[in-house]
Amino acid sequence: MTRGVMEMAAINGTGVPRRWLRSTALLACGAVAAGGLTAAGVALAQPETASASSHREAPLISAQPQFDTTDLYAFVSPDHPDSTTLVANWLPFQEPGGGPNFYPFAQDARYTFHVDQDGDAQDDLVYRFTFEDHRKNEDTFLYNTGVVESLDDPDLNFTQTYDIELIRLKHGKAASRHVLGRRLPVAPSNVGKASMPDYKALRDQAVRELPGGLKAFAGQADDPFFLDLRVFDLLYGGDLSEVGNDTLRGYNVNTIALQVPSAYLRESERQPVVGVYTTTERKNARGDWTQVSRLGMPLVNEVVNPLKDKDKFNASSPQDDADFLKNVTEPELPRLIEQIYEIKAPEEPRNDLVSVFLTGVEDLNQPPHVTPSEMLRLNTSVKPVAEPKRLGVLDGDNAGFPNGRRLTDDVVDIALQTVEGELLGAKNDLGDAVDANDKEFLGHFPYVALPHAGSDVRDTAASAKSGVTGLTGGGSSVTAGWGTDTTMLVSAASGAVAVLLVWLGVKGLRGRRRPARRSWLG
């Protein structure tokens, strides 16, 4: 999208102020720099295997995937525009066939959505989820002992339930507590087609309606984040030979989704902007709850916060974000990119990044009298569109990122095009050649795609078979339309992708009469 098109968008009724469009050009760099003000997790010790958007960004959390928040989404519900949907994911890089224990939520964890209604960096609402394991037969190693047709099927040997509690706070202290749901069922891991021939039916049974018009879901889903993560191999192989592959293709995550009437979340109709972030807490050796994970914007903590700050941030709260200000105003990453790709880093201190990233965008999703703090900010009065544009606000779609975040928003390309100066005159249609998720999202709650089955063959290279060898713009080569002097542009594109991807860092038997039940245990 060219600068001219963006300038037209600013004046032709899209509702995007010109000053916002200018500031958006700084958003991606700001997010990179402010990656020190966003994160996902920290903990003690369990095995893990990979890296992505806020997957394994800090030393402690990299060892404990059950507590590792991978991504957060907040958007006005497309099929119920009077409500807001919050989606968060944990336990990254789930190999679908990873039995026999598969992928439960942690029992010694509290998974939480935090809502700031007035922009003061203090929680006003907290939605807390806690989980409990149940086993029917302790004398088997099996997750299921036969074909599973319902969540209460006797052959589903391992199950989980969860409780939801709403805590209202005033001045940082709990003012009231309400139990919204007890012993709600969790959708199981998708063991395989033989064990769960109609997994969609199981998933549908796990969607529960709550009093007051709320809906809740917890269970396994396809990882909705799409991007090429091979940035870590010398920045895409050192020659752009490693792009166009959705690194998260074929992997699952654990999802918690909550749909709430927007009137319950926002301060008032006159102040419809809410700030949202998520945390995970676990019990320490003394039995006390300790915050071990925090995530707001779709950024990572890997390369902006120095090692000494990474775990500290994951245990922090938004009102303490000033502690990490130097990481924003004097970011390390642009200087590294300058050394590698000879792309001049912006001058420091980066005070521009503070206003763009920590406060929300003026006239779009910035609350009045905002206290700068890192969280995903959503204007709940902006209605969803019939055909969302993957580039969100950058393409005139105000219902998309960075006004909240939808599942379909291509946050990599949005940030890439702005960081490379689209709005400052450097025309480009840059991207990482991964423009959509590997599975189609649903049009109804909980919106995330069904998880990959354990019986599937995971082929993460499939998306690379298109023959893409460089960054793309609108499906064409990165060099298309740029004339003959492309060397510098390709290098610039590579550096930008490196910045942004590190920043973003990431029917069977139903309805048929079947023979008598077969149990693996006889």
Side-chain angles (χ1 to χ4, degrees), residues 66 69-91 103-107 109-115 123 125-134 150-152 159-168 176-190 199-222 224 252-265 274 276-281 295 376 378 380 404-407 441-451:
Q66 279 184 306
T69 321
T70 67
D71 286 286
L72 172 67
Y73 302 82
F75 50 90
V76 177
S77 309
D79 53 337
H80 291 285
D82 60 342
S83 70
T84 294
T85 296
L86 310 177
V87 176
N89 300 320
W90 284 265
L91 214 167
Y103 304 101
F105 289 92
Q107 290 191 97
R110 300 199 300 199
Y111 302 93
T112 303
F113 291 113
H114 302 255
V115 179
D123 292 350
L125 303 174
V126 169
Y127 292 93
R128 179 175 291 159
F129 294 71
T130 53
F131 291 80
E132 183 178 0
D133 296 350
H134 308 277
S150 67
L151 295 184
D152 58 0
T159 60
Q160 285 194 304
T161 57
Y162 65 100
D163 298 342
I164 309 176
E165 183 181 21
L166 168 61
I167 305 167
R168 298 181 183 275
S176 65
R177 296 175 182 269
H178 305 278
V179 176
L180 301 180
R182 287 193 186 278
R183 296 179 68 83
L184 304 175
V186 175
S189 295
N190 192 354
Y199 185 84
K200 182 179 182 302
L202 301 179
R203 219 277 272 281
D204 290 345
Q205 293 171 33
V207 175
R208 294 301 167 106
E209 296 187 3
L210 306 177
L214 283 73
K215 292 182 181 179
F217 169 80
Q220 193 179 51
D222 163 70
N252 296 326
V253 290
N254 279 5
T255 292
I256 295 176
L258 184 67
Q259 189 172 92
V260 184
S262 297
Y264 294 179
L265 292 180
V274 297
V276 182
Y277 68 101
T278 184
T279 63
T280 313
E281 298 174 305
L295 179 63
L376 193 60
L378 173 68
T380 60
R405 181 187 180 188
R406 301 169 299 194
L407 296 170
F441 299 121
L442 303 182
H444 54 82
F445 185 83
Y447 306 104
V448 287
L450 294 172

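- Looking only at distances, a side-chain donor or acceptor of Q160 sits under 3.5 Å from a matching main-chain atom of F105.
- The minimum heavy-atom distance linking P446 with V87 is given by the pair O-CG2, 4.3 Å.
- For the residue pair D163/T130, the side-chain donor-acceptor check at 3.5 Å is not satisfied.
- Closest non-hydrogen pair, Q205 versus R208, comes out as O-NE, 2.9 Å.
- The nearest pair of heavy atoms linking L86 to A74 is CD2-CB, 3.8 Å.
- L265 places a side-chain heavy atom less than 4.5 Å from the side chain of V260.
- When only modelled atom types and interatomic distance are considered, T280 and W90 share a side-chain donor-acceptor pair under 3.5 Å.
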Q: Apply side-chain contact (heavy atoms from CB on, under 4.5 Å) to the pair R183 and E132, showing each step before the final yes or no.
A: CA-CA 8 Å; R183 296 179 68 83; E132 183 178 0; 3.8 Å; yes
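- F113 has its ring centre no less than 6.0 Å from the ring centre of Y127.
- The shortest side-chain heavy-atom distance between Y447 and P78 falls under the 4.5 Å cut-off.
- Within a 6.0 Å radius of CD in E209, no more than 12 heavy atoms belonging to other residues, nucleotides or ligands are found.
- Checking Y111 against Q66 by side-chain atom types alone, no donor-acceptor pair falls below 3.5 Å.
- The closest side-chain donor-acceptor pair between D79 and H444, if any, does not fall under 3.5 angstrom.
- Although no hydrogens or angles enter the test, the distance criterion places no donor-acceptor pair under 3.5 Å between the side chain of D71 and the main chain of P224.
- Both tests pass for R405 against the ring of Y73: distance under 6.0 Å to the centre and angle within 45° of the axis.
- Inter-residue side-chain proximity for V253 and L91 is flagged as unmet; no heavy-atom pair is nearer than 4.5 Å.
- The heavy-atom pair separating Q220 from S189 by the smallest distance is OE1-CA, 3.2 Å.
- Contact check for L72 versus V276: side-chain heavy atoms found under the 4.5 Å cut-off.
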Q. Under the side-chain contact (heavy atoms from CB on, under 4.5 Å) criterion, do V186 and Y162 qualify, and how do the steps go?
A. CA-CA 7 Å; V186 175; Y162 65 100; 3.6 Å; yes
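- The side-chain heavy atoms of V274 and T84, taken from C-beta on, include no pair separated by under 4.5 Å.
- In this pair, H114 and Y277 present their aromatic rings parallel. The plane angle is below 30°, not in the 30 to 60° band.
- Side chain to side chain, T85 and S77 meet the donor-acceptor criterion of an N or O pair below 3.5 Å.
- Judged as a ring-ring contact (aromatic ring centres under 6.0 Å, His included), and not counting sequence neighbours, F217 has no contacts.
- Looking at heavy atoms from C-beta onward, R203 lies in side-chain contact with V448 at the 4.5 angstrom threshold.
- A donor-acceptor pair is defined here as one N or O able to donate and one able to accept, closer than 3.5 Å; no such pair exists between the side chain of Q259 and the backbone of F445.
- Between the side chains of T278 and T69, no donor-acceptor pair of N or O atoms lies under 3.5 Å.
- Smallest separation of non-hydrogen atoms from N252 and D222: OD1-CA, 3.6 Å.
- Here the side chains of R128 and I167 are in contact, with some heavy-atom distance below 4.5 Å.
- Applying the side-chain hydrogen bond (donor to acceptor under 3.5 Å, both in side chains) test to T161 and every residue at least two apart in sequence or in another chain returns H134.
- To the nearest 0.5 Å, the span separating OG1 on T70 from CG on L295 amounts to 7.5 Å.
- Interatomic distance, N89 CG to N254 CG, rounded to the nearest 0.5 Å: 8.5 Å.
- Closest non-hydrogen pair, P188 versus L151, comes out as CD-CD2, 3.6 Å.
- Residues L210 and I164 have side chains in contact (heavy-atom distance under 4.5 Å, counting atoms from C-beta outward).
- The distance from atom CG of L442 to atom CG of L450, rounded to the nearest 0.5 Å, is 6.0 Å.
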